[in-house]
Novice: 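First, the structure itself, so that you have it in front of you.
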Amino acid sequence: MSVFVSLPSRQKAPLRWAVPLLFLLLWICFLAFTVLPDPQQQRLMLSWGALSGGMAAPQEWMASLRDGRILRLFTALFLHADWAHLLGNLVFLLIFGLPAERVMGPWRFLLLFLLGGAVANFAAVLAISAPHRLVIGASGAVSAVIGAYLALFPRAKLGVVLPLGLFLEFVRAPASLLIGIWAALQVVFAYIGPAFGAVAWAAHIAGFVFGMLFALFVRAAIARRLRKRRGY
């Protein structure tokens with residue numbers, strides 16, 4: 001199934017640099033990671049990935065702040081296990097990130113991505129019962145972007161190409177419906193889905209909820225920004 005985004009507005013889009021910058025950084029980090037020998041890759045993931053366990057109690061939080069371990073919640077966003085892991089995140093980042101950045105502005109969008117990803121990783125760290133399990137990838141941050149998109153464009157439509165036998169059918173469906181199905185699948189996969197125990201589905205759920213709340217919280221600031229951009 002292929003998905004194409006339909007932008008809610010036809011106005012000329014301002015300069016957007018946050019999504020291209022994140023896209024480029026994610027690629028560079030992955031390519032630099034893949035050229036390393038396996039032992040160095042393992043050390044890098046253990047040094048920069050978020051580790052489950054050790055952050056549940058307040059005193060553990062203070063310890064993670066003092067020794068800098070809390071930064072792993074952010075650095076883990078730029079580590080990916082394989083090509084499929086990376087490309088899946090990049091596709092959704094482009095589909096939902098470009099229109100979200102257009103109305104939010106690059107700095108606010110960058111804050112959404114980083115904070116949403118850190119919150120998502122923290123949720124995964126708490127949800128994984130086994131200690132010293134690695135949580136890596138930008139899936140939680142991208143989920144935050146998807147949640148923000150739904151809050152910003154609740155009546156937007158997405159073009160979907162469905163394979164029907166030997167033919168491809170292009171249909172337009174409400175974004176809220178498609179994203180709602182995606183969110184429901186995250187909840188199901190968290191308990192019985194594919195790769196259970198290997199994929200941090202809790203990060204997807206937490207990121208999605210954070211993104212919706214973030215977009216609603218900054219809605220007034222976004223409205224002021226759009227009015228200023230339009231000259232009134």
Side-chain angles (χ1 to χ4, degrees), residues 1-9 19 22-23 26 77 80-104 109 112-113 115-117 119-124 126-128 135-219 222:
M1 181 180 70
S2 302
V3 179
F4 305 90
V5 68
S6 176
L7 297 180
S9 172
V19 171
L22 290 169
F23 187 95
L26 290 170
L77 299 174
H80 287 82
D82 50 42
W83 289 97
H85 190 198
L86 173 69
L87 292 177
N89 284 331
L90 292 179
V91 168
F92 282 98
L93 175 63
L94 292 176
I95 290 174
F96 297 103
L98 289 173
E101 183 188 353
R102 180 173 60 82
V103 298
M104 297 179 71
F109 180 86
L112 163 70
F113 184 91
L115 280 184
V119 168
N121 285 341
F122 178 63
L126 295 181
I128 298 174
V135 178
I136 60 173
S139 301
V142 172
S143 297
V145 172
I146 295 174
Y149 178 93
L150 180 59
L152 292 170
F153 311 122
R155 289 184 289 274
K157 291 184 179 294
L158 295 176
V160 181
V161 177
L162 297 176
L164 300 176
L166 299 177
F167 303 96
L168 296 177
E169 183 71 21
F170 181 84
V171 297
R172 300 180 69 83
S176 57
L177 174 63
L178 297 177
I179 296 175
I181 294 173
W182 173 88
L185 288 175
Q186 307 312 302
V187 177
V188 173
F189 290 163
Y191 298 98
I192 61 173
F196 174 64
V199 178
W201 300 109
H204 299 186
I205 300 169
F208 179 77
V209 173
F210 177 89
M212 290 194 67
L213 295 176
F214 181 91
L216 293 174
F217 179 76
V218 301
R219 185 169 52 184
I222 292 174

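In what follows, every heavy atom counts, from backbone to side chain, and hydrogens, waters and symmetry copies are set aside.
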Novice: Please name the pair of heavy atoms, one in Val103 and one in Ile222, separated by the smallest distance, quoted to 0.1 Å.
Specialist: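 Nearest pair, atom of Val103 first, then Ile222: O-CG2, 3.4 Å.
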Novice: Between Phe208 and Leu150, what is the shortest heavy-atom contact and its length?
Specialist: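 What the structure gives for the nearest pair is CZ-CD2, 3.8 Å.
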Novice: Spell out, as yes or no, whether a donor-acceptor pair under 3.5 Å connects the side chain of His204 to the backbone of Ser139.
Specialist: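 A pair under 3.5 Å: no.
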Novice: Taking all heavy atoms of Leu26 and all of Ala138, pick out the closest pair and write down the distance.
Specialist: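 For Leu26 versus Ala138, the nearest heavy atoms are CD2-CB, 4.3 Å.
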Novice: How are the rings of Tyr149 and Phe153 set relative to one another: parallel (under 30°), tilted (30 to 60°) or perpendicular (over 60°)?
Specialist: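 It falls in the perpendicular class, over 60°.
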Novice: List the atom of Val218, the atom of Met104, and the distance in Å for their closest heavy-atom pair.
Specialist: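 Shortest heavy-atom separation between Val218 and Met104 comes out as CG2-CE, 4.5 Å.
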Novice: Considering residues at least two apart in sequence or located in another chain, which fulfil the ring pair (Phe, Tyr, Trp, His ring centres under 6.0 Å) criterion with Phe109?
Specialist: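 Checked Phe109 against ring pair (Phe, Tyr, Trp, His ring centres under 6.0 Å); zero matches.
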Novice: How far apart are the closest heavy atoms of Ala151 and Met212, and which atoms are they?
Specialist: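 That would be CB-O, 3.9 Å.
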Novice: Any idea which heavy atoms bring Leu93 and Val142 closest together, and the distance?
Specialist: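 For Leu93 and Val142, the tightest heavy-atom pair comes out as N-CG1, 4.1 Å.
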Novice: With rounding to the nearest 0.5 Å, note down the distance linking CG in Asn89 to CG in Leu94.
Specialist: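 The CG atom of Asn89 sits 11.0 Å away from the CG atom of Leu94.
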Novice: About how many Å separate CG of Leu87 and NE2 of His80, when rounded to the nearest 0.5 Å?
Specialist: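 Between His80 NE2 and Leu87 CG, I get 9.5 Å after rounding to 0.5 Å.
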Novice: How long is the gap from CZ on Phe113 to CG on Leu22, to the nearest 0.5 Å?
Specialist: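 CG of Leu22 is found 5.0 Å from CZ of Phe113.
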